[in-house]
Each structure stands twice: as C-alpha cells, then as structure tokens.
Amino acid sequence: MEIRDGAGLMLYVLFLILSLVPQPSTAADSISVNQSISGANTIVSSKGVFKLGFFTPGNKASSPKYYIGILYNKVSVQTAVWVANRDAPISDRFSSALKFLDGNLVLLNESGISVWSTNLSSTPLGSLRATIQDDGNFVLKDGSNSSKPLWQSFDFPTDTWLPGSKLGRNVITKETQYLTAWKNPEDPGTGLFSLELDPNGSNAYLIMWNKTRQYWSSGPWKDNMFSLVPEMRLNYIYNFSFVSNSNESYFTYSMYNSSVISRFVMDVTGQAKQFTWLESSKQWNLFWGQPRQQCEVYALCGAFGSCTENSSPICSCVKGFEPKSNPEWDLKEYSGGCRRKTKLRCENSVANGDEDRFLLMPYMELPDLPQSVEVGSEGECVSTCLSNCSCNAYSYENGQCEIWNGDLLHMKQLSQSDSGAKSLYLRLAASEFSSSKKNTGMIVGVIVGSAAGLAIVLVLVLLLLRKRRSVGRGKAVEGSLVAFEYRDLQNATKNFSHKLGGGGFGSVFKGTLADSTTVAVKKLESVSQGEKQFRTEVSTIGTIQHVNLIRLRGFCSEGQRKLLVYDHMPNGSLDSHIFQEKNPNVLDWKTRYQIALGTARGLAYLHEKCRECIVHCDIKPENILLDSQFVPKVADFGLAKLFGREFSRVLTTMRGTRGYLAPEWISGVAITAKADVFSYGMMLFEIVSGRRNSEQSEDGTIKFFPSSVANTICEEGDILSLLDTKLEGNADVQELTKVCRVACWCIQDEEAQRPSMSNVVQILEGVLEVNKPPMPRSLHAFIDSHEHLVFFTESSSSSSSGKNSKTSTSTSSSRAKSNTSSTSSKS
C-alpha cells in the first residue's frame with residue numbers, strides 16, 4: 001500500500017500503534033491501563049446483560065456518527081442507556097480509541113483529540129481498571145482500593161435511569177443527577193427536555209423545558225409514593241424508595257422480578273417513560289408515561305408550531321409558516337420550530353404598501369407569555385398589534401386584549417367542546433391572503449359554475465331516488481360513518497322484528513343492509529340531544545377504531561329517533577356463553593383468557609389512546625360481544641358521553657348493571673376510568689366461575705363469589721376450586737392465579753389502588769408480574785361478619801327468568817344493618 005501524503009502517513013502510523021495496543025476480547029468485562037476499545041471491540045458484563053463500545057444510532061450508513069455507549073447486550077433492538085460523547089460524535093471508530101491517559105479514561109477521536117474524559121485528578125496509572133457491570137454501571141476503580149469507585153456512569157446519567165441507580169443531589173458537593181432527552185432518535189445530543197429533583201429543595205421531581213420552564217411535577221413524596229403519581233400504589237412491579245438525609249437526597253428503584261428488563265427514559269417526546277422489554281414481540285412496551293398527553297409537553301412544536309393530540313405528525317406549522325429544518329422534522333425533532341414564508345410589512349424593505357392582516361385560528365389553547373393591553377375595543381387591540389413590528393398575534397375576548405411579541409410558543413389545537421378553547425388572531429403578510437379585487441371575477445365564475453353543476457347533480461340524484469330507494473343505504477358524513485334515514489333502518493330490520501337484546505340504553509335489533517351486510521341496530525331511549533350535538537358526538541365515537549372495540553357503521557337522527565348501527569357479532573354477547581348451563585358450546589379456558597385480555601386492550605385504548613379519555617361506565621358480560629373467531633369487542637362505549645347528565649338515571653334502571661358498579665358510584669364522587677377497572681374486575685370473576693358473582697342458595701344465604709376468590713388468594717388455597725365446574729379443572733393454573741389476582745386488584749375500595757387497564761394488559765400479556773393483592777375492606781368485612789350492605793341487585797340472569805336475586809357486598813359495622821334496608825328500598 002502506498003502512502004502519498006504526510007497526513008495520511010500519520011493516520012496510518014496511529015492506526016498501526018493502536019492495533020498493537022492489547023485489545024479486550026469480546027468476553028472481557030473491563031479494560032486496564034494497557035488496553036483500549038477501538039473499532040468493533042466491546043466489553044461485556046459478566047452475565048452478558050450489558051456491553052460497552054462504539055455504536056451509531058439510527059440509520060446513517062452514508063455518513064455515520066459514532067459514540068461510545070452502554071447498550072443492552074441481550075435485547076435484539078439496539079438500545080443505548082448511556083452515552084459518553086453525546087455532544088461530540090466521531091466519524092471513524094477504527095482510528096479513535098477509549099483508553100487510559102494521565103490517570104483518566106479518555107476518548108480520543110480520529111485526530112487524537114480528547115472529546116470525553118472522566119476528569120479525575122491524577123491517580124496511580126498502573127492500577128486503574130474500568131468495568132461494565134451487570135446493572136449497567138460503568139465503574140472506574142483503583143485496583144488497590146476496589147471497594148470504592150473513583151468514577152461511575154451512574155453518577156452521570158444521560159437520558160436513561162436504570163434500576164439500582166440514583167437520581168438526586170449531593171447536599172455536600174452540590175452535584176446532581178438528572179436525565180436529559182436526546183435531540184431526536186438518531187442524535188443522542190443534549191435535548192431540551194430534562195427530569196431532575198426540584199432544585200428549590202422539595203422532594204418532588206420536575207420535568208423542565210430548556211432548564212427554565214417546568215411543565216410537570218411528580219408532587220411531593222408522601223406515604224411511600226409521589227402524590228401526583230398514584231400508579232405507584234400498585235407496588236407489584238417496582239420497589240420504590242426515596243432517601244433524604246444530611247448528605248444527599250435521591251430516588252431509586254429496583255425490580256421485584258429481576259428477570260424483567262426495564263428502563264426509565266426522558267424521551268425525545270418530552271415525556272418521562274418507563275419501558276419493559278417484551279421478548280415475545282421483540283419490542284419495548286410502554287408501561288407508564290407522564291405527562292399523559294404529548295401536547296402537554298411545553299413548546300414541543302417550537303416557535304409557531306401547533307400541537308394537535310392524536311394527529312400524525314403531532315406538530316404542524318401554522319398557516320403562513322414552514323419548518324425551519326425539514327430534515328429535523330422528518331426525525332420528529334420539532335423544537336427548531338417554524339419560520340415565516342413571507343416577511344411582515346414592517347420587516348420588508350420592498351413592501352408594496354399592503355397592510356398586514358390577521359388570520360383567525362379558532363379553538364386554540366393560547367400561546368405562552370401574552371402581554372395584556374388596556375384598550376377600549378377590538379379595533380384598538382388590532383391597531384396596537386399592527387403598530388408594533390414584533391407583535392405576531394392578538395386575542396380579544398370579554399373586553400380583554402392580549403398581544404404576543406416575538407415567537408409564539410406552546411400552541412395547541414383543541415376541539416370545539418374543550419372549555420379552554422379560544423380564538424387567536426395570527427398576523428400574516430397581506431400576500432398570504434387572496435386579494436378580493438383580483439379574484440372577484442374568478443369567484444363569480446366559480447359560484448355560477450358550481451351552482452349550475454350542483455343543480456344538475458341534484459336533478460340526477462332526485463331521479464335516481466325516485467327510480468329506486470335502496471334499503472339501508474345512507475350517505476357518508478364522517479369518513480366511513482354513514483347517516484341513515486329512519487325508514488331505511490326500519491326496512492333493514494323488517495320493522496324491528498328480530499330483537500337481539502336490550503338494556504337501559506335501548507333495544508338492539510338485527511338487520512341487513514342493501515349490500516347484504518348484517519348489522520345490529522340499537523334504538524336509543526331517553527336521548528334528548530339536539531341534532532347537531534348528537535351528530536358531533538357520534539362522529540367522534542365513529543372515528544375510534546380498534547380490534548377489540550365494536551365498529552360503529554352509522555347512525556340515524558330524526559327528531560327524537562336516535563339509532564346507532566353496528567357490525568353484527570355472530571357469537572353474541574359473553575353472558576350467553578358463560579351463564580347458560582345448557583349451552584353445549586362451553587368456552588374453554590384459553591378462549592376465556594383471550595377474551596379477558598382482548599377486553600382489557602379495548603378498554604386501555606379508550607382510556608389512554610383517544611384524544612379524550614372515554615369512560616365506558618357499563619362494563620359487564622352483556623356488553624362484550626364476540627365475533628366469529630370469539631375475538632371480544634367492547635360494545636356501547638361512548639354512550640355515557642352521549643347521554644351526558646342523564647346517564648346516571650339511565651344506569652339505575654339497567655338490569656344486571658349495579659352488580660358491577662364501583663363504590664364511587666354509591667358515594668357520589670367524580671367518576672374516572674378506574675370505575676371501568678372495578679367493573680372489569682367484577683366481570684373477570686364471572687369469566688372464571690361461569691356464574692353470576694352473587695347467588696342465593698336454597699337456604700336463603702347469599703354466596704358472593706369475589707369474597708371466595710379473595711379469601712382463596714390471601715390464604716393460598718386451591719385456585720382450581722374457583723374454576724367453572726363445566727371446565728372440569730382444565731385450565732392453566734398460573735394463568736388462573738394471575739386472572740384472580742388481577743380481579744382482586746381491580747376491585748380495591750380506593751380507586752388509586754386499582755391498576756390502570758394498560759397495567760392489566762401488560763400483566764395478562766406476561767410482561768409484568770402481579771403480587772398477591774390485599775383483601776378489599778368490603779370483602780374482608782363480608783367474610784368476617786356476614787353483615788350485608790346491598791348495592792348489587794337484580795342480576796341479569798335472574799331478571800331474565802322473572803326472579804329477583806338479592807346481590808350484596810357488606811361492611812362489618814353496625815351501621816351496615818341500618819343501611820341495608822334503606823338501600824334496598826331505594827333499589
């Protein structure tokens with residue numbers, strides 16, 4: 001090989017020198033003073049959990065940037081948990097090296113320049129050793145004093161917080177550990193979002209934007225949890241602890257099941273997220289994240305960027321603006337924001353004299369940092385903004401004028417129903433608006449032409465309608481959602497002759513559309529919404545699609561006639577399969593388990609993946625429908641939203657529902673998604689037992705199945721004794737135990753102690769372990785005293801046979817006896 005220039009010769013010599021330096025083998029877990037890491041060499045922890053070496057994030061094969069980092073070794077998806085040179089990448093890993101130099105561990109780039117160092121004072125060079133441990137900590141020690149590290153990566157986390165590491169501050173040295181997000185998924189450089197212990201001294205953790213603006217807090221540590229993180233009560237996955245003394249304050253955590261791989265990340269989205277590795281699907285599964293809504297992240301979309309929840313992409317530039325950097329936006333790095341396409345008049349030296357104008361942006365959450373101005377009218381508010389070259393927007397409401405100077409940050413697009421939605425007027429150059437003078441002739445021509453075309457179309461439509469009116473053929477109004485006429489649905493259902501079932505919301509009938517599609521038509525009762533409101537709400541529900549949610553095909557709204565059209569489920573509802581003693585097709589345990597899991601997935605989607613959290617409020621076997629493959633579909637979701645304030649009245653008249661109500665329904669407190677969790681838990685008991693949760697025996701005593709399950713779980717009794725006798729003991733004992741434990745967690749008296757539906761999904765999927773639950777107070781009292789407080793009554797099975805069963809839970813106080821009669825009379 002011929003070397004033609006001096007620089008090339010020097011690099012070649014350096015490469016030869018580095019190649020002569022002893023390299024650690026791939027089996028080694030450490031390097032010493034006479035070794036280095038270069039090229040593809042790595043060191044791997046003793047049990048093979050983590051490795052340290054050069055890596056390149058993302059897909060940059062053309063011009064890669066390399067970093068020294070710690071990565072999972074047994075996870076198939078490349079995942080870095082610590083990066084040394086996050087803001088100083090190198091371009092050639094073979095001519096770069098991580099080595100000891102003057103008592104420090106140093107990363108030298110391809111030019112021999114140090115781009116990262118442990119920055120320690122000089123130590124005996126011959127005894128130093130750096131080791132990657134199985135907990136993910138990279139530790140530098142002096143061989144003569146190996147018990148105490150001289151330096152460790154756990155003290156300098158980047159974006160990831162691993163089990164066993166600390167996140168806090170040293171009171172004496174004033175050093176702090178905090179997490180800082182990557183810039184984007186392909187750039188581990190220091191981003192704008194960080195998580196740290198409150199620098200003002202409280203024991204709360206804060207998420208900050210640009211180290212200056214707090215937009216989320218964990219709340220103070222109290223009673224072994226952070227006050228604004230109620231999920232921590234579910235202490236069956238992580239072991240949390242907060243330490244505060246005269247020397248330091250920090251938070252740490254460990255895993256109850258050490259085989260579960262988990263990491264806490266300050267994500268590029270500006271959200272703090274906890275992930276667990278799901279080996280079955282080879283992907284990281286989100287366990288928890290805050291803030292819940294991504295648009296709550298401060299200034300996520302940068303200057304003049306607007307955030308819209310559940311949209312793709314989530315950020316967009318407002319009208320008249322474009323991304324400052326399209327490559328960054330392609331990587332979902334929106335912090336650079338947007339720039340004007342056309343300069344404002346006072347910024348443009350060649351302006352043609354047209355005055356800037358304002359664009360109405362309705363239903364917005366107004367930007368941050370407005371300036372209030374005293375004016376007498378909206379016209380004065382407009383003039384005030386136009387007279388100031390730095391003014392970019394104004395808002396005028398109830399006589400109050402606010403203007404925004406400089407960049408507009410943290411804009412959010414809301415829906416019409418959001419209480420905080422307001423109108424913002426954005427200042428744009430006149431050229432961004434079409435000129436009425438220049439376009440008058442065009443507009444007139446378009447109007448005349450459109451009117452003529454519309455008239456022709458209307459005539460053709462009328463002729464077609466006279467010639468043939470198709471049964472059940474409506475018109476699309478919102479994507480695939482169809483607005484049906486009442487007469488069409490009347491014909492499709494043969495005048496509502498084939499009834500499939502019914503409840504407090506109304507009756508359901510089988511029908512057939514013009515294209516031979518079989519549907520279920522629900523005639524709603526007691527709905528008083530106006531036409532526009534009903535259409536708006538139904539359109540919102542109609543856009544929600546999930547494999548475990550029943551599909552809404554369309555609706556009808558003609559005066560007081562309100563109907564919903566769903567896909568027909570050939571296997572009916574869950575109750576018809578688990579409660580019928582003479583049903584020859586008994587659901588086996590595997591099918592029941594998949595029904596429980598699918599239902600949980602559907603509810604988790606409603607609670608956490610929709611723009612607005614949808615609380616079903618009526619989870620029971622009758623509302624879980626089964627398709628031809630017994631895939632569960634949650635039905636009647638969104639009806640609580642449709643009925644509004646009337647819902648509680650409708651609910652109290654529904655047969656079989658009160659046996660699934662959470663205690664907060666009785667106490668009158670606000671209902672949250674945890675009410676669905678309670679109902680789901682009650683339904684799980686019935687899936688296990690194959691009978692209603694409460695039954696009256698021949699001697700008149702009440703048998704309450706949830707108390708039997710809780711007692712068996714707490715005393716570690718025979719779990720198979722709880723199983724539906726029709727299954728003859730054929731069930732996976734571990735799965736049965738898991739389902740029973742989950743059910744007991746779901747019906748805890750305090751809603752904060754119940755898991756979220758996403759937690760339930762992860763447990764049933766096997767991602768998370770579930771500990772033995774505590775005995776709910778109400779069930780404990782029931783077992784101890786058999787004094788009953790009636791609030792479960794009229795189960796569907798007894799109602800359908802014309803009998804009234806007395807379903808109950810209880811308290812152990814003497815007051816429960818007096819409440820029994822009063823509650824029964826109200827029922």
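Not measured: the values here are computed from a predicted model.
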Shortest non-hydrogen contact between Ser756 and Ser758, atoms and distance: OG-OG, 3.0 Å
Any side-chain heavy-atom pair of Gln290 and Val229 under 4.5 Å: no
Cys389 versus Leu344, closest heavy-atom pair with distance: O-CD1, 4.3 Å
Rounded distance (nearest 0.5 Å) linking atom CG of Leu206 with atom CG of Leu197: 7.5 Å
Gln400 atom CD, over 12 foreign heavy atoms within 6.0 Å: no
Pair Asn392-Arg340, side-chain donor/acceptor within less than 3.5 Å: yes
Set of residues satisfying disulfide (SG to SG under 2.5 Å) with respect to Cys556, sequence neighbours excluded: none
Distance, nearest 0.5 Å, that separates CD of Glu355 from CZ of Arg345: 6.5 Å
Cys301 and Cys307 SG atoms less than 2.5 angstrom apart: no
Minimal non-hydrogen separation, Leu179 against Pro157, with atom names: CD2-CB, 3.8 Å
Heavy-atom pair with the smallest gap, counting every atom of Gly602 and Leu549: O-CD2, 3.7 Å
Heavy-atom check, side chain of Asp567 versus side chain of Lys633, under 4.5 Å: no
Val318 side chain reached by Cys338 side chain, heavy atoms, under 4.5 Å: no
Ser395 backbone acceptor or donor facing Ser423 side chain under 3.5 Å: no
Stepwise salt bridge (Lys or Arg N to Asp or Glu O under 4.0 Å) test for Lys65 and Asp187: CA-CA 9 Å; Lys65 295 180 179 180; Asp187 187 349; 5.6 Å; no
Any residue meeting side chain to side chain contact (heavy atoms under 4.5 Å, CB included) with Glu322, in chain and number order, not counting sequence neighbours: Arg339, Lys341
Any donor-acceptor N/O pair, Asn210 side chain to Thr212 backbone, under 3.5 Å: no
Side chains of Glu196 and Thr176, donor plus acceptor under 3.5 Å: no
Residue pair Ser306 / Gln413, side-chain donor-acceptor N/O under 3.5 Å: no
CA sep, side-chain torsions, deciding dist, call: Thr517, Arg553, side chain to side chain contact (heavy atoms under 4.5 Å, CB included): CA-CA 11 Å; Thr517 301; Arg553 282 185 168 270; 3.6 Å; yes
Min side-chain heavy-atom separation Asp356-Cys385 under 4.5 Å: no
Criterion side-chain contact (heavy atoms from CB on, under 4.5 Å) against Tyr334, the qualifying member of Cys317, Pro313, Pro323, Ser325: Pro313
Check: Ser383 and Glu380 side chains under 4.5 Å, non-hydrogen atoms: no
Listed once per pair and sorted, the salt bridge (Lys or Arg N to Asp or Glu O under 4.0 Å) pairs that draw on residues 402-413, sequence neighbours left out: Glu365-Lys412
Side chains of Leu228 and Ser218 in contact at under 4.5 Å (non-hydrogen atoms): no
Pair Thr384-Tyr394, side chain to side chain contact (heavy atoms under 4.5 Å, CB included): steps then yes or no: CA-CA 9 Å; Thr384 301; Tyr394 82 89; over 6 Å; no
Aromatic ring pairing Tyr605/His546, orientation class (parallel under 30°, perpendicular over 60°, tilted between): tilted
Plane angle bin for Trp284 and Phe275 - parallel if under 30°, tilted between 30 and 60°, otherwise perpendicular: perpendicular
From Gln545 atom CD to Leu552 atom CG, the distance as rounded to the nearest 0.5 Å: 8.5 Å
Atom pair CD/CZ of Gln762 and Arg601 - distance to nearest 0.5 Å: 11.0 Å
side-chain contact (heavy atoms from CB on, under 4.5 Å), paired with Phe637, selected from Val615, Ile550, Asp676, Asp618: Ile550
Distance, nearest 0.5 Å, that separates CG of Asp368 from NE2 of His410: 7.0 Å
Residue pair Lys332 / Asn184, side-chain heavy-atom distance below 4.5 Å: no
Verdict with supporting geometry, Thr269 and Gln294, side chain to side chain donor-acceptor pair (under 3.5 Å): CA-CA 7 Å; Thr269 62; Gln294 194 172 346; 4.7 Å; no
Gap between atom CG of Leu426 and atom CE of Met411 - 0.5 Å precision: 6.5 Å
Distance under 6.0 Å and angle within 45° of ring axis: Lys211 vs Tyr178: yes
Exercise: identify the closest heavy-atom pair between Pro291 and Val297: CG-CG2, 4.1 Å
Gln283 side chain near Val77 side chain, heavy-atom distance below 4.5 Å: no
Residue pair Tyr298 / Phe193: nearest heavy atoms and the distance that separates them: O-CE2, 3.6 Å
